[in-house]
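Working notes, beginning with the structure itself.
In each ligand, atom 1 is the first atom listed, and ligand 1 is the first ligand listed. Below, all heavy atoms of this structure are taken into account, side chains as well, without hydrogens, waters or symmetry copies.
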Amino acid sequence: MLNTIMKSKLFGWVDRRTGAEAIIKSQLTEYPAPKNLNYMWNFGSLALLVLVLQILTGIFLAMYYKPSAAMTYGHYTVAFDSVERIMRDVNFGWLIRYMHAVGASAFFVVVYMHIGRGLYYGSYKEPRELLWIIGVVILLIMQGAAFFGYLLPWGQMSFWGATVITNLFGALPVIGEYLQQLLRGGFAVGDPTLNRFFSLHYLFPLLLAAIVGGHIHALHVVHSNNPEGIDLTKDEEKIMFHPYYTIKDAFGVAVFLLGYCYFVFFNPQAWGFFIEVDNYVPANSLATPAHIAPVWYLTPWYTILRSFPDKLMGVLAMGGSLAILFALPFLDRSKVRSARYRPVFKQMVILFFIDVVVLGYIGHSPVSPTLKLIGQIATAYYFAFFFLLLIVPKFEKTKPVPEGI
Ligand code: HEM
């Protein structure tokens with residue numbers, strides 16, 4: 001189909017003025033990719049798909065949503081009500097909202113798999129350090145966008161989640177109180193908070209789209225890593241992106257859409273776990289829910305925060321646990337990239353994945369002394385992983401790395 005389009009008169013006209021054909025060939029159809037990429041390399045294109053889905057569904061939601069905490073009928077607030085109206089009165093409003101809500105979780109599933117792949121196969125290592133760093137910026141913006149978005153339905157969990165998180169900024173010395181008020185637009189979470197969160201929630205995905213452009217450009221300069229983690233020197237080791245990886249990516253998209261549609265149509269609340277229940281009660285500043293927890297994709301960091309008795313320490317550790325991702329390419333100096341050939345690193349990274357799941361589970365559960373202790377141990381390993389990376393390459397006996405694929 002692409003060939004037919006490229007042969008058309010209209011395309012020829014555009015091409016003579018933009019050089020579009022050369023760009024499409026060098027960056028897409030004839031882009032050389034390693035011939036041995038496995039299904040873990042599907043998550044980048046899936047992340048792109050979900051980003052587009054989120055922006056499109058978000059635009060339609062914004063046509064009906066009203067970011068106002070003003071009261072109507074003495075009880076329901078305008079924002080909460082407008083979401084209910086989308087669900088009940090707007091044609092296919094329920095579908096667009098569920099696509100967006102399930103899409104938020106899907107986005108994190110896909111991107112966490114994408115990051116995990118990068119960690120396991122050493123894709124963060126030279127020469128892909130900047131590509132990885134841009135990825136971490138993307139992750140932070142995604143987390144910000146999700147946090148801002150969660151306030152918008154103006155339910156109990158929205159309100160109290162935003163209250164707890166904005167409160168944390170207050171713990172920072174000197175600028176803390178100012179930052180907290182700047183975020184809230186006042187002393188407490190209220191109408192001004194809702195307005196600025198809506199504004200930023202709209203802005204962040206557009207920023208993401210631009211930065212993802214940079215991410216892909218950076219990838220195309222250094223080219224993809226591969227499961228062996230080796231540099232490719234021969235042409236026989238590469239294949240054209242089209243049709244090989246367009247077909248493979250399309251297959252990944254089909255499998256993804258099956259799961260996505262299952263959740264959108266049959267189980268839209270599944271990814272919200274039990275916190276969604278509280279979010280069907282309009283925000284009430286006078287009644288704190290018994291259990292406040294962020295959505296699953298933020299819970300690992302929430303556990304790190306809660307693992308420290310001192311609030312400031314908790315905030316710094318939480319910030320540090322994300323910031324340390326920027327330093328990863330410079331901490332791990334091993335010459336071998338892929339965990340396939342690094343026996344010690346392989347155990348460490350698998351334990352790290354389990355560790356993050358444990359942190360996530362604990363952040364989602366009500367506090368108990370046992371869970372708190374497990375959370376503290378898991379937090380300790382989270383940081384230890386990065387420091388061990390400084391030492392392990394010094395003694396690790398790596399397996400012989402193949403010369404080609
Ligand atoms: C909106 C989110 C993102 C999108 C749309 C995206 C897109 C992509 C695409 C299309 C690729 C090439 C295909 C692939 O290797 O899977 C890629 C590669 C890569 N991405 Fe992302 N990405 C996102 C987030 C991230 C994040 C959060 C990180 C890391 C923290 C990251 C790190 C990388 C790395 C290191 C590669 C090169 C992988 C390799 O060649 O082995 N990306 N990304």
Do any nitrogen or oxygen atoms of [X] come within less than 3.5 Å of a nitrogen or oxygen of ligand 1?
X	answer
Arg128	no
Gly44	yes
Ser45	no

Quick one: does [X] get a heavy atom under 4.0 Å from ligand 1?
X	value
Tyr121	no
Val136	yes
Met40	no
Leu208	no

At atom 21 (Fe) of ligand 1: angle between His114 atom NE2 and His215 atom NE2, to 10 degrees: 170°
d(Phe385 CZ, Leu119 CG) to nearest 0.5 Å is 5.5 Å
For [X], the ligand 1 atoms whose distance to one of its heavy atoms is below 4.0 Å:
X	result
Val111	2 (C), 27 (C)
Ser224	40 (O)
Asn225	39 (C), 40 (O), 41 (O)
Ser123	35 (C), 38 (C), 39 (C), 41 (O)
Leu48	5 (C)
Phe107	1 (C)

Using the ring centroid of each side chain, check whether [X] and [Y] are separated by less than 6.0 Å.
X	Y	answer
Phe197	Phe147	yes
Tyr121	Trp41	yes
Phe198	Tyr65	yes
Tyr381	Phe386	no
Phe80	Trp154	no

Tell me, which protein residue and heavy-atom name are nearest [atom], and how many Å apart are they?
atom	result
atom 12 (C) of ligand 1	Leu219 CD2, 3.2 Å
atom 3 (C) of ligand 1	Ala47 CB, 3.9 Å
atom 28 (C) of ligand 1	Gly135 CA, 3.3 Å
atom 2 (C) of ligand 1	Ile138 CG2, 3.4 Å
atom 37 (C) of ligand 1	Leu131 CD2, 3.4 Å

Do the side-chain N and O atoms of [X] and [Y] include a donor-acceptor pair separated by under 3.5 angstrom?
X	Y	result
His100	Thr57	yes
Tyr244	Asp249	no
Arg184	Thr166	yes

Would you mind finding which of Lys125, Met113, Arg117 brings a heavy atom closest to atom 38 (C) of ligand 1? Arg117
Between the main-chain N or O of Leu37 and the side-chain N or O of Tyr245, is there a donor-acceptor pair closer than 3.5 Å? yes
Where the side chain of Ser8 meets the backbone of Phe11, is there a donor-acceptor pair that is under 3.5 Å apart? yes
Should the pair Glu84-Arg88 be classified as a salt bridge under the 4.0 Å nitrogen-to-oxygen rule? yes
Would you call Asp332 and Arg342 a salt bridge, taking side-chain N to carboxylate O under 4.0 Å as the test? yes
Select one of side chain, backbone, both or neither to describe which atoms of Ile115 lie under 4.0 Å from any atom of ligand 1, heavy atoms only. side chain
